[in-house]
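Before any comments, here is the structure.
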Amino acid sequence: MKNYKRYLITSALPYANGPLHIGHLAGVYVPSDIYTRYLRMKGADVISICGSDEHGVPITLKARNEGITPQEVVDRYHSLNKKAFEDFGISFDIYSRTSNKIHYDTASEFFLNLYNKGEFTEKTTEQYYDEEAGCFLADRYIMGTCPYCGNENAYGDQCEKCGTSLSPNDLINPHSTISGSKPVLRETLHWYLPLDKYEGWLKKWILEDHKEWKTNVYGQCKSWIDQGLQPRAVSRDLDWGVPVPVEGAKGKVLYVWFDAPIGYISATKELTPEWEKYWKDPETRMIHFIGKDNIVFHCIIFPAMLKAEGSFILPDNVPANEFLNLENDKISTSRNWAVWLHEYLEDFPGKQDVLRYTLCANAPETKDNDFTWKDFQARNNNELVAILGNFVNRTLVLTNNYYNGSVPERGVTDENDNSVLAEISVIKEKAENSLEAFRFREALKEAMNLARLGNKYLADAEPWKVVKTDTERVKTIMNIALQITANLTIVLEPFIPFSMDKLRKWLNIDLLNWDDAGRIDLLKPGHLINKPGLMFEKIENEEIDRQIAKLESTKKANVTAAAKILPSKDPVSFDDFTKVDIRTATILEAEKVPKTTKLLKLKIDTGLDVRTIVSGIAEYYEPESIIGKQISIVANLEPRKIRGIESKGMILMAEDKDGKLVMVTPADKVSNGSSIK
RNA sequence: UGCGGGGUGGAGCAGUGGUAGCUCGUUGGGCUCAUAACCCAAAGGUCGGAGGUUCGAAUCCUCCCUCCGCUACCA
């Protein structure tokens, strides 16, 4: 590998519309911090950059909902999240924010630079505009009736009921989720970064020159590039963000995804006047730590931006992680299904390292992983307490008992001693190789093996027995055990810095250099150590049960919240009502539509005819069980093709609080085709 | 729908053609310096399913099932 002079580490800018949870930590910030601390211990010139991403539509909406300004929203979460990072020892050199002036200047300048070089294309398109709220609407903020399944709560980009991808123009009765009003189409002008222009270059840069990237990252990039890249808008119609710095761009800001990665640059500028050294010198190695949802932005769009600008370096690696689940369910801010960092510290004060350890040991490096409180407890009790804490404790207690805390001299070593001493540097090298390859789970396991080695050494050497017959021999044994503890303060420092800080205090030593690991003379004979405390405490079942109960009550609260009754709709005229042809029918045949989870293909007798209707009820009804059932249908709905099957009409279903669908069946049997009014 | 990444003993993971490994848990034994912690041993897997290539497949090919993500103004 190329030899680099310095490192620039960036961690995805967390979006400032909510607090941080364990998923953020596990996926991005714990790995980035481990790597940064490791590099610092190697004496490398390294800076770690992060900050709040504070622009974009969701923040303006949150502000609108709460009746405060967007600035107030981001102020709140910026300070909350900055503190959470500090509390967990995520050691950024700077935690900046994109609402800073320096960022506005940097982002404007970047845009203007590309603009003047003619790197953008301009295009006018028609988009839905909310006249009441006075803004253009992203697809996600338009709702209406799905033309395929009749779901009234379909989004402008997708119907979540039947899974069909939609465009806002497809929706029947579109309305804005912001004001509820009916949006109108308006023309708007935007600037685009022609990604297609960079396709050939990206293909070579990633697919040929960076085959070493993680399979999930490489695969995702390959997929995008192979599908063909298209110009991507870099501006938005919004009043919150960095204004587009050209004539006639009033009311337009830089799209957050153009704006946010530039935040890495502006934060570096804020940190050091020598920022260009980190961003423009090819001897700097840049690494982006991100989650899998960010791959395309950090591997394709941002590099294309940097390439277009011309004077910047490109990331050498982008070790993206997968996602962390919580107790078998997706972490979700809106559903409050998360372990919030600030709440964790209230419940487990001083136990930052337990979480750091658990999240690293179970990090979603190759696939999504699950965080469970039982696993958290087991990792703490069986690994941190039993293996690491216990080894340190027994070594320090024995040293205090036998030698009043003075490190004894190492005498003649036997074969076992020598192989244990040799093993220390083997472990150091293994951990180092794993760290360099961004395999942090593996690196942590290697580092912990040093504590395992220590326990085994004590059990084999039995100093508590030997002390009765050969006191010289015990000095050697204890010296070796102590050298192991000193080595632990090095190899475990990147992972659990708070605990290693404790251990260094007990050992009465300073932070050592990474390359001191493997040495067997870190503690000199006669060096005095202090009385130890407990490095980790057992976590009892009650504490874990409390956390589980907390999550269960969240689940219940969510069900209750979802149970609220929908408000009544606007009145319709009798004429309008009679236009809808609702009648009874009987199901003759039912079968699952292949490759779908929700769709059933039904053959029904409507009295008028026998026809096919596709309905999204497969999750609630087995095909065999509904044959012969009498139901209610809308008979004159325009036919629609669903999954290639023509569906003529719609089956009426009552939707329960929890989303469960129930057939609307006449109380007594009536003949097919009876009208319902 | 398409694309990308997963599915390996109870749990979490490693393992890309040659007798299936690691950590934790479980069971039995040992030790007693240590937060009932530590050490040793054992049990436990038809490697998501079906077919194929091969002397030989967790590993290569085909199809299928399943989980997650992306699919371009959802950050």
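This is a predicted model, so every value here is computed, not measured. Naming: A, B, ... by sequence-line order, numbering from 1 per chain.
Across the C1' atoms, B:C61 and B:U53 are found 7 Å apart, a figure rounded to whole Å. Spacing of P atoms, B:C73 relative to B:A14, comes out at 34 Å, to the nearest Å. Nucleotides B:G48 and B:A58, compared at atom C1', are 12 Å apart to the nearest Å. Here, B:G44 and B:A20 have their C1' atoms 13 Å apart, quoted to the whole Å. A gap of 38 Å separates the P atoms of B:C55 and B:C67, to the nearest Å. Atom name P, nucleotides B:A36 and B:U46: the rounded distance is 38 Å, in whole Å. Taking atom P in both B:U62 and B:G5, one finds a spacing of 13 Å when rounded to whole Å. Comparing B:G18 with B:U27, their P atoms sit 36 Å apart, to the nearest whole Å.
The aromatic ring centroids of A:Tyr198 and A:Trp224 lie 6.0 Å or more from each other. Taking the six-membered ring for Trp and the full ring otherwise, the centers of A:Tyr264 and A:His288 sit less than 6.0 Å from each other.
In this structure, the nucleotide among B:U8, B:C33, B:U35 sitting nearest to the side chain of A:Asn393 is B:U35. When distances run from any side-chain atom of A:Asp368 to the nucleotides B:G12, B:U23, B:C68, the shortest one goes to B:C68. Nearest to the side-chain atoms of A:Glu383 among the listed nucleotides B:U32, B:U23, B:U35 stands B:U23. Across B:A72, B:C33, B:G7, the shortest atom-to-atom separation from the side chain of A:Trp224 is found for B:A72. You'll find that the side chain of A:Tyr255 is closest to B:C73, out of B:U32, B:C73, B:U8. Ranking B:G12, B:C70, B:G5 by closeness to the A:Thr215 side chain, first place goes to B:G5.
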Run the side-chain donor-acceptor check on residues 13-28 of chain A: report pairs under 3.5 Å with partners two or more places apart or on a different chain.
from    : atom 1 : to      : atom 2 : distance (Å)
A:Tyr15 : OH     : A:His55 : O      : 2.5
A:His21 : ND1    : A:Gly23 : N      : 3.0
A:His24 : ND1    : A:His21 : N      : 3.0

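Between A:Thr366 and B:A14 there is a side-chain N or O to OP1 or OP2 distance below 4.0 Å. Note on A:Lys374: every side-chain N or O is 4.0 Å or more away from OP1 and OP2 of B:G25.
B:C70 is paired with B:G2 under the Watson-Crick or G-U wobble criterion, all donor-acceptor distances under 3.5 Å. Summarising the base pairing, B:C31 is matched to no nucleotide, lacking a Watson-Crick or G-U wobble pair whose two defining distances lie under 3.5 Å. Across the strands present, B:U62 finds its partner in B:A50; the criterion is a Watson-Crick or G-U wobble pair with both atom distances under 3.5 angstrom. A 3.5 Å limit on both hydrogen-bonding distances identifies no Watson-Crick or G-U partner for B:G9.
For A:Lys502, the salt bridge (Lys or Arg N to Asp or Glu O under 4.0 Å) criterion is met by no residue, not counting sequence neighbours. Remark: A:Lys465 pairs with A:Glu462 by the salt bridge (Lys or Arg N to Asp or Glu O under 4.0 Å) rule, at least two apart or across chains. Under the salt bridge (Lys or Arg N to Asp or Glu O under 4.0 Å) criterion, A:Glu423 pairs with no residue at all, not counting sequence neighbours.
Using cut-offs of 30° and 60° for the angle between ring planes, the A:Phe289 and A:Phe440 rings count as tilted.
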_Within the 4.0 Å limit for protein heavy atoms, which parts of nucleotides 37-43 of chain B are touched? Write it as a string from 5' to 3', B for base, S for sugar-phosphate only, - for none._
SSSS---
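Nucleic acid contact for A:Tyr192: base, since at least one base atom lies under 4.0 Å from a heavy atom of the residue. A:Lys330 comes within contact range of the sugar-phosphate backbone alone, with a heavy-atom separation under 4.0 Å but no base atom that close.
Along RNA chain B, the nucleotide nearest A:Gln220 and the nucleotide nearest A:Asn449 are compared for position; the residue whose nucleotide lies closer to the 5' end is A:Gln220. Residue order along RNA chain B, read from the 5' end via each residue's closest nucleotide, puts A:Arg379 first among A:Phe536 and A:Arg379.
Near RNA chain B, meaning a heavy atom under 4.0 Å from it, residues 439-448 of chain A has A:Arg441, A:Lys445 in order of number.
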*asked:* Does A:Phe348 form a ring pair (Phe, Tyr, Trp, His ring centres under 6.0 Å) with A:Phe376? I'd like the steps, not just the answer.
replied: CA-CA 12 Å; A:Phe348 297 99; A:Phe376 169 83; 5.5 Å; yes
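Checked by distance alone, A:Glu462 brings no side-chain donor or acceptor within 3.5 Å of a matching partner on the base of B:C33.
In this structure, A:Lys197 and A:Glu199 have side chains that are not in contact, with every pair of non-hydrogen atoms separated by 4.5 Å or more. Side-chain contact between A:Asn455 and A:Arg394: present, with at least one pair of heavy atoms (C-beta onward) separated by less than 4.5 Å.
Of the inter-residue distances, the one linking A:Glu472 atom CD with A:Thr469 atom OG1 reads 12.0 Å to the nearest 0.5 angstrom.
We find that NZ of A:Lys214 is positioned 10 Å from P of B:G6, with the value rounded to whole Å.
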